[in-house]
Amino acid sequence: MSFSHRERTITHRPPTVQVPGGIMHRRIRTLVTGGAGFVGSHLVDVLMARGDEVIVIDNYFTGRKENVAHHLDNPMFELIRHDVVQPILLEQFVLLDSCCYKTNVIGTLNMLGLAKRINARFLITSTSEVYGDPLEHPQKEPYWGHVNPIGVRSCYDEGKRTAETLTMDYSRNEGVEVRIARIFNTYGPRMCLDDGRVVSNFVSQAFRKQPMTIYGDGKQTRSFQYVSDLVEGLMALMEGEHIGPFNLGNPGEFTMLELAQVVKETIDPNATIEFKKNTADDPQKRKPDISKAKVLLNWEPKIQLRDGLPRMALDFKNRIFKEIEDDLDK
Ligand code: NAD
Ligand code: UDP
């Protein structure tokens, strides 16, 4: 289970400027909290490529400076090491303005406060975990979820639910323009190697010649989305007129046994599996209904697991082999 995700985006639209030729051009300044993380760093790549000015705030809890190192020499990019649990004053933004629950609640509150002060559009990257161990399948956005408020996963599930609540309160009461994405399990290059999520675990284990650890009987399901599809969905959401929430995920559903088989076929035909005790309250089934995003955002994922996994495997292979080499050099 992953407790290590938080990333929000604030987009500040500075005044329109006149450029030579008389064409009106607006450079967008975007703040990505968690921008050195897996999803955040891919989002930063797309924002930089379209010419945004991008500021990343990250405390490197699970993210890495290497994920955004290729932008460091670009004057349009700024990286700030900071924990969003502490308020931040960003002069340039004008505005002077450990725990995942704190990040999701206090971090979100701080970033909503910043968005209000600078009149920016705010995106909360919420999660399919708000549906808990769902009693509806597939999950549609109006479903309120089935979450244990005092369980071991609660700090993430309830943290994100509170983050959504705060986001909607700031929309209704403070006039902040907000967007809500509910992200389903996403994988791809730059994922943290060891944060315990299933795809990164299986891929790392296969490369390290360790057995792939299946928790429980492996019949629980998840639906896996490739990161570039997610980033396209986030961009469409931020640029569109609808608040959401929107499910952003790939409806292709796999049991963990099936996932292990795909990893085996992709990385190592001799890979083995080992069964381990599962954690409490593990959702048994998860699959997004993405009809709403298809209609209102004109978005749907394009990359299926068997095509996306080899792209992730290449990046993991390089990083794991480098780790092994570094260990041998010590
Ligand atoms: P990640 O752990 O790779 O990235 C999170 C980033 O936030 C890291 O760089 C981390 O160092 C940084 N961070 C954490 N706490 C912080 C704090 N207090 N202050 C500043 N920076 C902090 O995770 P990810 O997979 O890239 O997830 C990004 C967002 O998407 C998160 O909000 C996560 O909850 C959401 N999400 C991701 C998935 C997924 O499958 N990847 C699924 C559902 C939701
Ligand atoms: N899982 C597993 N082996 C692992 C890590 C996770 O079988 O090494 C299972 C976990 O029990 C869950 C599923 O994979 O049923 C997805 O777990 P993950 O933490 O990746 O995502 P989440 O549970 O947050 O959707």
Side-chain angles (χ1 to χ4, degrees), residues 1-9 32-44 56-65 67-68 80-86 88 98-108 110-111 123-131 133 153 156-157 159-160 163 181-188 190-205 210-227 230-231 234 247-249 254-257 259-260 273-286 288:
M1 179 172 24
S2 20
F3 286 113
S4 53
H5 338 111
R6 16 291 82 207
E7 160 244 319
R8 281 156 291 276
T9 308
V32 183
T33 63
F38 161 50
V39 174
S41 64
H42 283 276
L43 184 61
V44 167
V56 164
I57 296 182
D58 204 298
N59 65 354
Y60 306 132
F61 178 49
T62 50
R64 297 173 306 131
K65 202 170 169 182
N67 287 344
V68 289
I80 301 171
R81 180 179 197 143
H82 177 79
D83 189 324
V84 292
V85 168
Q86 305 301 328
I88 183 161
S98 43
C99 147
C100 95
Y101 190 79
K102 264 192 182 170
T103 295
N104 280 318
V105 177
I106 301 174
T108 300
N110 281 334
M111 293 301 114
L123 166 70
I124 178 76
T125 50
S126 183
T127 171
S128 52
E129 300 268 335
V130 298
Y131 301 123
D133 189 3
R153 304 174 76 94
Y156 187 56
D157 301 4
K160 287 289 189 184
R182 291 186 181 152
I183 301 174
F184 284 64
N185 301 60
T186 303
Y187 67 96
R190 299 187 197 157
M191 266 183 113
C192 186
L193 292 179
D194 297 302
D195 68 359
R197 297 185 223 187
V198 69
V199 185
S200 41
N201 267 8
F202 285 4
V203 172
S204 299
Q205 288 160 344
Q210 296 163 349
M212 294 182 281
T213 49
I214 291 189
Y215 301 161
D217 61 9
K219 291 188 182 142
Q220 69 271 39
T221 69
R222 292 294 187 274
S223 303
F224 299 105
Q225 158 174 248
Y226 191 68
V227 64
L230 169 63
V231 170
L234 294 175
N247 288 340
L248 295 181
F254 294 79
T255 66
M256 296 312 106
L257 286 164
L259 174 68
I273 58 175
E274 173 187 9
F275 288 92
K276 290 204 161 179
K277 193 171 174 299
N278 204 353
T279 47
D281 303 329
D282 187 31
Q284 285 310 294
K285 282 177 161 199
R286 186 181 296 149

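Whatever order the structure lists them in is the order used to number ligands and atoms, beginning at 1. Computed from a predicted model, the values in this text were never measured in an experiment.
Residue contacts with ligand 2 for M212 are absent, since no atom lies close enough (heavy atoms, distance under 4.0 Å). In M256, the part holding a heavy atom less than 4.0 Å from any atom of ligand 2 is the side chain. Neither the backbone nor the side chain of Q284 has a heavy atom within less than 4.0 Å of ligand 2. Residue T279 does not touch ligand 2, judged by heavy-atom distances below 4.0 Å. Contacts of K276 with ligand 2, taken as heavy-atom pairs under 4.0 Å, are absent altogether. With a heavy-atom cut-off of 4.0 Å, D282 touches ligand 2 through its side chain alone. Only the backbone of S126 comes within 4.0 Å of ligand 1, judged by heavy-atom distances. The backbone and the side chain of F38 each have at least one atom closer than 4.0 Å to an atom of ligand 1 (non-hydrogen atoms only).
Residue N185 approaches ligand 1 through these ligand atoms, each under 4.0 Å from one of its heavy atoms: 40 (O). Of all atoms in ligand 1, numbered sequentially from 1 with element shown, those under 4.0 Å from a heavy atom of H82 are 19 (N), 20 (C). Interface atoms of ligand 2 facing N185, defined by a heavy-atom separation under 4.0 Å, are 21 (O), 22 (P), 25 (O). Below 4.0 Å from some heavy atom of Y60 lie the following atoms of ligand 1, by number and element: 11 (O). Contact atoms of ligand 2 toward G196: 5 (C) (distance under 4.0 Å to a heavy atom of the residue). Shown in contact with T213 at under 4.0 Å from a heavy atom are these atoms of ligand 2, numbered in order with element: 2 (C), 3 (N), 4 (C), 7 (O), 8 (O). Atoms of ligand 2 lying under 4.0 Å from at least one heavy atom of R197, given by number and element, are 19 (O), 20 (O). Of all atoms in ligand 1, numbered sequentially from 1 with element shown, those under 4.0 Å from a heavy atom of G34 are 6 (C), 7 (O), 9 (O), 12 (C). Atoms of ligand 2 found under 4.0 Å from any heavy atom of N201, numbered from 1 in the order shown, are 4 (C), 5 (C), 8 (O). Close approach of ligand 2 to R153 (heavy-atom distance below 4.0 Å) involves ligand atoms 22 (P), 23 (O), 24 (O). Which parts of ligand 2 touch R286 is read off a 4.0 Å heavy-atom cut-off, strictly below it: atoms 22 (P), 25 (O). When each atom of ligand 2 is checked for a heavy atom of I214 under 4.0 Å away, the hits are 7 (O).
Heavy-atom distances between A36 and ligand 1 reach below 4.0 Å in at least one pair. Note on ligand 2: F202 sits in its first shell, one or more heavy atoms being nearer than 4.0 Å. Residue R182 places every heavy atom at 4.0 Å or more from ligand 1. Using a 4.0 angstrom heavy-atom cutoff, D58 counts as in contact with ligand 1.
Between S128 and ligand 1, not a single N/O pair is under 3.5 Å apart. Below 3.5 Å of separation, one finds an N or O of V198 facing an N or O of ligand 2. Inclusion of D83 in the set of residues having an N or O under 3.5 Å from an N or O of ligand 1 is warranted. Residue Y156 places at least one N or O, backbone or side chain, under 3.5 Å from an N or O of ligand 1. Geometrically, ligand 1 and R197 share a nitrogen or oxygen pair separated by less than 3.5 Å. For ligand 2, one of its N or O atoms has an N or O atom of Y215 under 3.5 Å away. The shortest N/O to N/O separation between T125 and ligand 1 falls below 3.5 Å. For G63, a nitrogen or oxygen atom sits less than 3.5 Å from a nitrogen or oxygen atom of ligand 1, counting backbone and side chain alike. In terms of N/O distances under 3.5 Å, ligand 2 is not approached by Q205. Between N59 and ligand 1, at least one pair of N/O atoms sits closer than 3.5 Å. By the 3.5 Å distance cut-off applied to N or O atoms, I183 is not counted among the residues near ligand 1. At least one N/O-N/O distance between N278 and ligand 2 falls below 3.5 Å.
With R197 as the fixed residue, the side-chain hydrogen bond (donor to acceptor under 3.5 Å, both in side chains) test singles out one of N201, D195, D194: D195.
No hydrogens or angles considered: a donor-acceptor pair under 3.5 Å links the side chains of S41 and R190. For the residue pair Q205/T213, the side-chain donor-acceptor check at 3.5 Å is satisfied. Side-chain contact, T186 with Q225: a donor N or O sits under 3.5 Å from an acceptor N or O. No donor-acceptor contact under 3.5 angstrom links the side chains of Y101 and D157, judged on distance only.
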Start with the C-alpha distance between D83 and Y60, add both sets of side-chain angles, then the distance that settles side-chain contact (heavy atoms from CB on, under 4.5 Å), and finish with yes or no.
CA-CA 9 Å; D83 189 324; Y60 306 132; over 6 Å; no
Please report the C-alpha distance between I106 and T103 in whole Å, then the side-chain angles of each, then the deciding distance to 0.1 Å, and finally whether the side-chain contact (heavy atoms from CB on, under 4.5 Å) criterion is met.
CA-CA 6 Å; I106 301 174; T103 295; over 6 Å; no
Between R81 and D58, is the side-chain contact (heavy atoms from CB on, under 4.5 Å) condition met? List the steps.
CA-CA 5 Å; R81 180 179 197 143; D58 204 298; over 6 Å; no
Yes or no on side-chain contact (heavy atoms from CB on, under 4.5 Å) for L43 and V227, after CA distance, side-chain angles and deciding distance?
CA-CA 9 Å; L43 184 61; V227 64; over 6 Å; no
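Here the side chains of S128 and N185 are in contact, with some heavy-atom distance below 4.5 Å. Counting only heavy atoms from C-beta outward, the side chains of T33 and V84 approach each other to under 4.5 Å. For the pair I183 and L230, the minimum side-chain heavy-atom distance is below 4.5 Å.
Checked against side chain to side chain donor-acceptor pair (under 3.5 Å), N67 has the following partners two or more places apart in sequence or in another chain: R64. Residues passing the side chain to side chain donor-acceptor pair (under 3.5 Å) test with S223: none are found, sequence neighbours excluded.
A salt bridge links R286 with E129: the closest approach of a Lys/Arg side-chain nitrogen to an acidic carboxylate oxygen falls below 4.0 angstrom. Under 4.0 Å is where a charged nitrogen must lie from a carboxylate oxygen, and between R222 and D282 at least one such pair does.
Between Y215 and Q220, the closest heavy-atom pair is O-NE2, 2.9 Å. Between A181 and L234 the shortest heavy-atom distance is CB-CD2, 3.7 Å.
Using the six-membered ring where Trp is involved, F224 and Y187 have ring planes that are perpendicular, over 60° apart on the 30 and 60° scheme.
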